[in-house]
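Residue numbering restarts at 1 for every chain, and letters A, B, ... go by the order of the sequence lines.
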There are 2 protein chains.
Amino acid sequence: MGKSKTLLFTTAQNDLADLAKALAHPARIAIIQYLANSQSCINVTLVTELGLAQATISQHLRELKELGLVRGSIEGASVNYCLDLTRWREVQQHFQSFFEQISESNTNGLCCN
Amino acid sequence: MGKSKTLLFTTAQNDLADLAKALAHPARIAIIQYLANSQSCINVTLVTELGLAQATISQHLRELKELGLVRGSIEGASVNYCLDLTRWREVQQHFQSFFEQISESNTNGLCCN
DNA sequence: ATAGTAAATCGCAATATCACGATGATATGA
DNA sequence: TCATATCATCGTGATATTGCGATTTACTAT
């Protein structure tokens, strides 16, 4: 990407951007939704569910794990993945305060009609 | 990227991913916040505010405009940008229902301890 | 007209992302 | 032990993103 100039921005801005990046791919959205809906924490049934290669799913899971959104625990030969709900509440909070900042915007139709 | 396989996913999943992508860069977060906080709709004062080149800002603004998050109206030689608050309420709704889906998750600590 | 300012666009270089086959590590069951 | 199954990681090709200088377009003021 030609080096995103993270130094120009605040930590909060970079953090939110990183979280958004994690959600910036339909496969990751789908993985998260699948984990949210499945009773048991699911491993790579995701491969057959989503129609992507095992290596690809694994890579997406790693990104989600790196941000703490998903955890995995070894269960014999396989790995059980699940959402870290505590972390997700945090994340939701981040987004929420961002959105609030916008809705409290004083751009009251004063411009751009 | 090697062609993201959008066809495998639902429209809702792709849409949310696209919105997230728009927020997946600190410069765009900063632009949005600046627009939210400024009284008048601001043009590329953003260049001096953010410390990025004019071409770069213009490109980020275009991405935001393409998703309808930001509008610009020509004002003589310059352009006034502002947030489309109606659109933003929509966007917030998208994210909110995604987060609700997660918090209603039945992953009640049954796994991954 | 001419010069100056504001912004969009083009084209490039650097880097990041996505998808996947292949390989390797580990664990299970015969 | 040996075959099989589940994952993670590496390496690679294809594509996308960032950032910017240079150019172009449009308007303003002199």
Side-chain angles (χ1 to χ4, degrees), chain A residues 1-9 13-14 17-31 35 40-67 70-82 111-112, chain B residues 1-9 13-14 17-31 35 40-67 70-82 111-112:
Chain A
M1 279 191 217
K3 187 165 292 176
S4 137
K5 302 187 138 186
T6 48
L7 295 177
L8 293 176
F9 308 102
Q13 287 167 338
N14 282 309
D18 284 342
L19 289 172
K21 206 176 297 185
L23 305 182
H25 195 288
R28 289 193 291 270
I29 300 281
I31 288 173
L35 288 174
S40 56
C41 295
I42 294 301
N43 68 344
V44 178
T45 328
L46 291 167
V47 173
T48 57
E49 279 295 324
L50 301 190
L52 289 171
Q54 183 265 322
T56 307
I57 300 284
S58 190
Q59 205 176 356
H60 284 308
L61 281 168
R62 180 165 50 154
E63 286 179 66
L64 295 172
K65 268 193 289 184
E66 272 165 9
L67 280 169
V70 156
R71 276 179 310 175
S73 63
I74 298 173
E75 193 79 28
S78 59
V79 176
N80 268 8
Y81 292 103
C82 68
C111 64
C112 297
Chain B
M1 278 188 216
K3 190 164 294 179
S4 139
K5 302 189 139 186
T6 48
L7 295 176
L8 293 176
F9 308 102
Q13 287 168 337
N14 282 309
D18 284 342
L19 289 172
K21 204 175 296 182
L23 305 182
H25 195 287
R28 288 192 292 269
I29 300 280
I31 287 173
L35 289 174
S40 55
C41 296
I42 294 300
N43 69 342
V44 176
T45 327
L46 292 167
V47 173
T48 57
E49 279 296 324
L50 302 191
L52 290 171
Q54 183 265 320
T56 307
I57 300 285
S58 190
Q59 205 175 355
H60 284 308
L61 281 168
R62 180 167 49 155
E63 286 178 66
L64 295 172
K65 269 194 288 184
E66 271 164 9
L67 281 169
V70 155
R71 276 180 309 175
S73 62
I74 298 173
E75 193 79 30
S78 59
V79 176
N80 267 10
Y81 292 103
C82 68
C111 64
C112 297

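- Regarding contacts with the backbone of dA19(C), a side-chain N or O of His60(A) is found under 4.0 angstrom from either OP1 or OP2.
- Using a 4.5 Å heavy-atom cutoff, the side chains of Leu35(B) and Ile31(B) are in contact.
- Computed from coordinates, the Leu46(A) CG to dT6(D) P distance equals 13 Å when rounded to whole Å.
- A close approach under 4.0 Å does occur between a side-chain nitrogen or oxygen of Tyr81(B) and OP1 or OP2 of dA8(C).
- Taking 4.0 angstrom as the limit, Ser58(B) places a side-chain polar atom (N or O) nearer than this to OP1 or OP2 of dA8(C).
- The distance from atom CG of Asn14(B) to atom NE2 of His25(A), rounded to the nearest 0.5 Å, is 9.0 Å.
- Rounded to whole Å, the distance from CD1 on Ile29(B) to P on dT18(D) is 12 Å.
- Which of dA8(D), dA7(C), dA19(C) sits closest to the side chain of His25(A) comes down to dA19(C).
- When side chains are defined from C-beta on, His60(A) counts as touching Thr56(A), because their heavy atoms get closer than 4.5 Å.
- The distance between atom CD1 of Ile57(A) and atom P of dT17(C), rounded to the nearest whole Å, is 18 Å.
- One interatomic measurement links the two molecules: CG of Leu64(A) to P of dC7(D), which rounds to 16 Å at whole-angstrom precision.
- Under the side-chain contact (heavy atoms from CB on, under 4.5 Å) rule, Tyr81(B) has a single partner from Glu75(B), Lys65(B), Arg71(B), which is Lys65(B).
- Considering only side-chain N and O atoms, Arg28(A) lies under 4.0 angstrom from the phosphate OP1 or OP2 of dC18(C).
- Atom CG in Leu23(B) sits about 16 Å away from atom C1' in dT17(D), given to the nearest Å.
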Using the 3.5 Å cut-off, write out each protein N or O paired with an N or O of nucleotides 20-30 of chain C and the distance between them.
{"unit_1": "dC20(C)", "atom_1": "OP1", "unit_2": "Lys5(B)", "atom_2": "NZ", "d": "2.5"}
{"unit_1": "dC20(C)", "atom_1": "OP2", "unit_2": "Ala53(A)", "atom_2": "N", "d": "3.0"}
{"unit_1": "dC20(C)", "atom_1": "OP2", "unit_2": "Thr56(A)", "atom_2": "OG1", "d": "3.3"}

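- Side-chain atoms of Lys21(A) and Asp18(A), non-hydrogen and from C-beta on, do get closer than 4.5 Å to each other.
- Comparing Leu61(B) and Glu63(A), the nucleotide of DNA chain C nearest to each residue sits closer to the 5' end for Leu61(B).
- The phosphate of dT17(D) (OP1 or OP2) has no side-chain N or O of Lys21(A) nearer than 4.0 angstrom.
- Regarding Glu49(A), its CD atom lies at a distance of 17 Å from the C1' atom of dT6(D), rounded to whole Å.
- Remark: Gln13(B) pairs with Gln33(A), Thr10(B) by the side chain to side chain donor-acceptor pair (under 3.5 Å) rule, at least two apart or across chains.
- At least one side-chain heavy atom of Leu46(B) sits under 4.5 Å from a side-chain heavy atom of Leu61(B).
- Between the CG atom of Asn80(B) and the P atom of dC27(D) there is a distance of 15 Å, given to the nearest Å.
- Atom CG in Asn14(B) sits about 13 Å away from atom P in dC18(C), given to the nearest Å.
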